[in-house]
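One structure is given here, and the rest of the page talks about it.
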Amino acid sequence: ILMVAGIDAINNANDSLFSIRQSAGQPSFQLQTSGTSEYKFNFSTTGMGTSKTFSTTARHGPSIYELVFNDATDLLEAFIDGTSLGTTAYTASPSQGTNAKLTVFTNRGRNAYPDGFVAEMITTSSALQATERQAIEGYLAHKWGLAANLPANHSHKKISLTSAPLLSTDATNSSSS
């Protein structure tokens, strides 16, 4: 999940950039703040393993916020602007079934909302290869004027794509262009 967003104000500890909620008792999560005034990229989970705060400082953006669920390793990796903030293990994937609801700029209960904006959101059905992820980060960064936020060694910091990268859905031959 990649999201270009900016947070103007936080007023609730559950203010979230996005969340996935299913029926009660099913694995769910929200990407929320860690307090009532600063957004610190907190992965808060129910039935999926360990919750984790990925940043010790406020990360209000505008930025590219990312979560990568790698089902092969059962690790979730968090990124901001192409920089990894670390990983945490998960014990169950968030359901992608018919009862799953992706909510944007609200928490799982749909009762806490940050002030700010969402410019664009991209989701994939599986974890991307690093080169694919970096191509999408580069595309989003250049499209939304965030290229300066990418790390100096990012493969697409200076390369401006004119269209979104094409990704194969064939897991045996995954590629980007």
Aromatic centroids of Phe43 and Phe29 separated by under 6.0 Å: yes

Is [X] reaching over with its side chain to a backbone N or O of [Y], donor-acceptor style, under 3.5 angstrom?
X      : Y      : result
His142 : Ala147 : no
Asn70  : Ala127 : no
Thr91  : Met48  : yes
Asn149 : Ile64  : no
Tyr65  : Arg59  : yes
Thr53  : Asn42  : no
Gln30  : Arg108 : yes

Enter the distance from [X]:[atom1] to [Y]:[atom2] here, rounded to the nearest 0.5 Å.
X      : Y      : atom1 : atom2 : value
Thr131 : His156 : OG1   : NE2   : 8.5 Å
Thr83  : Leu150 : OG1   : CG    : 7.5 Å
Leu2   : Ile136 : CG    : CD1   : 6.0 Å
Leu31  : Glu66  : CG    : CD    : 11.0 Å
Phe54  : Leu67  : CZ    : CG    : 7.0 Å
Asp15  : Asn111 : CG    : CG    : 9.5 Å

Side-chain H-bond candidate by donor/acceptor type, Tyr90 with Asp71, under 3.5 Å: yes

Side-chain donor-acceptor pair present, Ser63, Asp81, cut-off under 3.5 Å: yes

Linked, directly or transitively: [X] and [Y] (ILVMFWY side chains, under 4.5 Å):
X      : Y      : value
Met3   : Tyr113 : no
Val118 : Ile80  : yes
Leu85  : Phe79  : no
Met121 : Ile20  : yes
Phe117 : Ile10  : no

Heavy atoms only: give me the nearest [X]-[Y] pair and the separation to one decimal.
X      : Y      : value
Ser16  : Pro114 : O-CD, 3.5 Å
Glu132 : Gln129 : OE1-N, 2.9 Å
Arg133 : Gly82  : NH1-O, 4.4 Å

Lys52 and Leu76, any side-chain heavy atoms less than 4.5 Å apart: no

Within-4.5 Å side-chain heavy-atom neighbours: Gln32 and Asn107: no

